[in-house]
Amino acid sequence: MLYKTHVAVTYAAALPMLLSTNSLTVGNVIAVGIGSVFPDIDHPGSYIGKRTRGVSDGIRLVFGHRGLAHSIAGAAFFLFVSQFVLAALGMPSIWSEWFLVGYLLHMVEDSFSKTGVAWLQPLYNKRIQFGFKKIYYSTGEWSESLIFLISCGLIVYQILQMYP
Ligand SMILES: [Zn+2]
């Protein structure tokens, strides 16, 4: 999935969560957005990977694309890192929770790709495909474009609901 689709789907899904928990702040929205693209730090050609060359090359070399960065263990690790960084910078710790929401939504989205995601690695390395291998999209193809358009529509709809 392209980064823009990850961002669109994640915001379409996260907006109701942000609203229902009274958490719609600029910081939280940015944190969700960073989380939504972050797992692809294991791919040097991805949006985030290109901006973190060196780190992304190393992660891909050691763990592979959709390796540990795309697992619950990876999410927990980067949650811990984000809490550490936010604390060191004196920034609100709540941002790390919304970063995690974006991160996990990214993994859900990748789980609907053809190959799925190995959520439980390194304990269990089998990839799980959420659509029972019947419902899936192909990266960069019309199925992904459709998901992108529907997500943008949902975001616009939700924003219009906010400001009637
Ligand atoms: Zn991914």
Side-chain angles (χ1 to χ4, degrees), residues 1-21 23-60 63-72 74-75 77-79 81-82 85-86 94-119 127-131 133-163:
M1 185 174 265
L2 303 169
Y3 87 92
K4 62 174 188 178
T5 318
H6 274 304
V7 172
V9 178
T10 300
Y11 277 135
L15 263 174
M17 301 182 205
L18 286 158
L19 285 169
S20 62
T21 55
S23 308
L24 192 66
T25 65
V26 174
N28 290 343
V29 167
I30 293 172
V32 169
I34 294 173
S36 78
V37 294
F38 202 87
D40 285 341
I41 195 157
D42 62 10
H43 192 315
S46 71
Y47 178 81
I48 178 115
K50 277 187 206 153
R51 285 153 181 81
T52 52
R53 283 307 291 271
V55 175
S56 60
D57 289 281
I59 294 177
R60 166 128 116 179
F63 299 114
H65 180 46
R66 290 210 190 151
L68 265 187
H70 285 69
S71 71
I72 291 172
F77 173 75
F78 285 115
L79 172 68
V81 171
S82 69
V85 170
L86 289 172
I94 186 82
W95 290 352
S96 65
E97 288 167 33
W98 288 103
F99 167 79
L100 180 68
V101 168
Y103 200 111
L104 293 176
L105 284 170
H106 176 113
M107 284 171 48
V108 170
E109 290 147 23
D110 276 355
S111 297
F112 280 100
S113 71
K114 223 169 184 172
T115 46
V117 166
W119 285 71
R127 288 185 170 194
I128 303 160
Q129 208 283 335
F130 278 11
K133 304 223 163 154
K134 299 250 184 313
I135 303 164
Y136 59 83
Y137 63 86
S138 299
T139 301
E141 290 185 14
W142 69 267
S143 46
E144 180 170 348
S145 305
L146 184 67
I147 294 169
F148 178 73
L149 285 175
I150 291 172
S151 301
C152 290
L154 282 171
I155 293 168
V156 171
Y157 174 77
Q158 292 181 76
I159 292 173
L160 291 176
Q161 293 291 307
M162 271 185 260
Y163 303 101

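Only a predicted model underlies this, so the values are computations on that prediction, with no experimental measurement involved.
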Worksheet item: For L24 and L15, what are the C-alpha separation, side-chain angles and deciding distance, and is it a side chain to side chain contact (heavy atoms under 4.5 Å, CB included)?
Response: CA-CA 8 Å; L24 192 66; L15 263 174; 3.9 Å; yes

Backbone N or O of [Y] within a donor-acceptor pair of the [X] side chain at under 3.5 Å?
X: Y136; Y: G116; result: no
X: E97; Y: L79; result: no
X: S113; Y: D110; result: yes
X: T5; Y: F148; result: no

Can you name the closest pair of heavy atoms from [X] and [Y] and give their distance?
X: L2; Y: G140; value: CD1-CA, 4.5 Å
X: T21; Y: W98; value: OG1-CZ2, 3.5 Å
X: V108; Y: W119; value: N-CZ2, 3.7 Å
X: H70; Y: R66; value: ND1-CA, 3.5 Å
X: P44; Y: S56; value: CA-OG, 3.6 Å
X: Y137; Y: I147; value: CB-CD1, 3.7 Å

Worksheet item: T10 versus V32: any side-chain heavy-atom pair under 4.5 Å?
Response: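 In contact.
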
Working to the nearest 0.5 angstrom, can you tell me the gap between [X] [atom1] and [Y] [atom2]?
X: S46; Y: R60; atom1: OG; atom2: CZ; result: 9.5 Å
X: H65; Y: H43; atom1: NE2; atom2: NE2; result: 5.0 Å
X: L18; Y: Y11; atom1: CG; atom2: OH; result: 8.5 Å
X: F78; Y: I41; atom1: CZ; atom2: CD1; result: 5.5 Å
X: S145; Y: I150; atom1: OG; atom2: CD1; result: 11.0 Å
X: S71; Y: M107; atom1: OG; atom2: CE; result: 6.0 Å

Discussion item. Please identify which of these residues, F99, Y47, Y3, meets the ring pair (Phe, Tyr, Trp, His ring centres under 6.0 Å) condition with F38.
Written reply: F99

Item to complete: Mind telling me whether H106 and H6 have parallel, tilted or perpendicular rings, with 30° and 60° as the class edges?
Response: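 If you compare the ring of H6 with that of H106, the planes turn out parallel.
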
